[in-house]
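In what follows, every heavy atom counts, from backbone to side chain, and hydrogens, waters and symmetry copies are set aside. Numbered from 1 within each chain, the chains take letters A, B, ... in sequence-line order. Quantities reported herein were computed from a predicted structural model and do not represent experimental measurements.
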There are 2 protein chains.
Amino acid sequence: MEMNQQTPVLTFAASAFAALGSEQRLTILRRLVRAGPNGMAIGDLGEAVGITGSVLTHHLKQMVSAGLLHQEKDGRRIISVVDYDQIRALSDYLIAECCADQGGHQEGLDHG
Amino acid sequence: MEMNQQTPVLTFAASAFAALGSEQRLTILRRLVRAGPNGMAIGDLGEAVGITGSVLTHHLKQMVSAGLLHQEKDGRRIISVVDYDQIRALSDYLIAECCADQGGHQEGLDHG
DNA sequence: TCCATATTTCTATAATTATAGAAATATAAA
DNA sequence: TTTATATTTCTATAATTATAGAAATATGGA
C-alpha cells in the first residue's frame, strides 16, 4: 500500500515512523541523504552500507511505500532519492502533535 | 532494554521511531500529550483511547522502553507522562540527520 | 482482615517483519 | 544475439510484534 495525499495523517505518520524504526533503515536513509537530490543506485548504496540483495530491496520497499523515498530508473540502475519534504513533514508532525501545550502546539491540523 | 544516555544515538532513534510506528501508539501518545505534564492513569487513558488491559500495557511498555514516556506511581494508579524532551530530540534528529545538505544540516553530532 | 480496583504477568496464537539463497526479469554493452 | 550486470521476486525460515483472556500482584479503603 503506497501512501498518497488522501492517506489520513495518522496512517501516514505511523507508517513513516515504522519505516524509520530500524537501525538498518536509518543507516540506509542517512547514506541516501548524503547522496543528495541526485540519489544513489541500489548497488552502490548496498556496497556503502553493507546491506545487499533482497534484504536491501525489502527495506527500500518499505521506505518507498511509506513515502520517505522515491525511485527513478537510469538504464538498468534504480536510483533511490530521499523525499525531504516528507521527512520534514514527519518532524513537524512530531512537534505539532506530540509537544502540544509544551510550546510547539499548532492549531487547525486535521487528523483524518 | 531501557534506553539511557549511554545508548548510541542510532539505537535510540531506531527504537523511538519504532515505538511511534503504530497508529494505536500514536493515538495513545497524543492523548497523553493532551494530558500534559501531570500525565494520566492507565485506566483513564485506556478508556479514552479504547485500548485496554494487556494490549495497552504492551504498547506503553514499548514507549517507556524507548524513552518516550516515563511512569510514576500514585497509590494504586500508574501515571504515564510524556518525555517531551525526548520527542523534541527525535524531531531534531530527523531534521539534522535526514535533511542534511537540504537546509537543515548541523555539524558535529556524534552518531555513536 | 477482607474486598474492590488497577495494572501486570503469563500463556497462547496470529500477524507482521527480517533474513537470505536461488531463480527470474530487465537492460545495456559487446 | 549473447553476455554480464542490476535488481526483483519467489520461497522458506526465524524473529519480533500484536492481540487477548486468565491468573497474579499490589494497593487503598471499608
- [ ] Starting from the 5' end of DNA chain C, give me the residue, A:Q24 or B:I79, whose nearest nucleotide shows up first.
- [x] B:I79
TODO: Determine, using the 4.5 Å side-chain heavy-atom cutoff (strictly less than), whether B:V82 and B:I79 are members of one ILVMFWY cluster.
DONE: no
Task: Closest listed nucleotide, where the reference is the side chain of A:I42 and the choices are C:dT7, D:dT8, C:dT27 - done: D:dT8
Task: Joint cluster assignment, B:V81 & B:L29, ILVMFWY side-chain distance < 4.5 Å - done: no
Open item on the list: So if I take every side-chain heavy atom of B:S54 and compare against D:dG21, C:dA18, C:dA6, which nucleotide ends up nearest?
Closed with: D:dG21
TODO: Using a cut-off of strictly less than 4.0 Å, decide whether B:K73 has a side-chain nitrogen or oxygen near OP1 or OP2 of D:dT27.
DONE: yes
Task: Side-chain heavy-atom pair B:F17, B:Y93 within 4.5 angstrom cut-off - done: yes
Open item on the list: Just N and O in the side chain of B:R25: are any of them under 4.0 Å from OP1 or OP2 of D:dT17?
Closed with: no
TODO: Would you please say whether a donor-acceptor pair under 3.5 Å links the side chains of B:T11 and A:E23?
DONE: yes
Open item on the list: Using OP1 and OP2 only, check whether a side-chain N or O of A:R76 sits under 4.0 Å from D:dT5.
Closed with: no
Open item on the list: Can you tell me which nucleotide in D:dA20, C:dT7, D:dT9 comes closest to the side chain of B:V55?
Closed with: D:dA20
TODO: Could you pick out which residue, A:H58 or B:T57, lies toward the 5' side of DNA chain C when each is mapped onto its nearest nucleotide?
DONE: B:T57
Open item on the list: So B:H59, base contact, sugar-phosphate only, or nothing? Heavy-atom distance under 4.0 Å.
Closed with: sugar-phosphate
Open item on the list: What is the distance, to the nearest angstrom, from the CG atom on A:L60 to the P atom on D:dT7?
Closed with: 10 Å
Task: Under 4.0 angstrom between B:Q62 side-chain N/O and D:dA18 OP1 or OP2 - done: yes
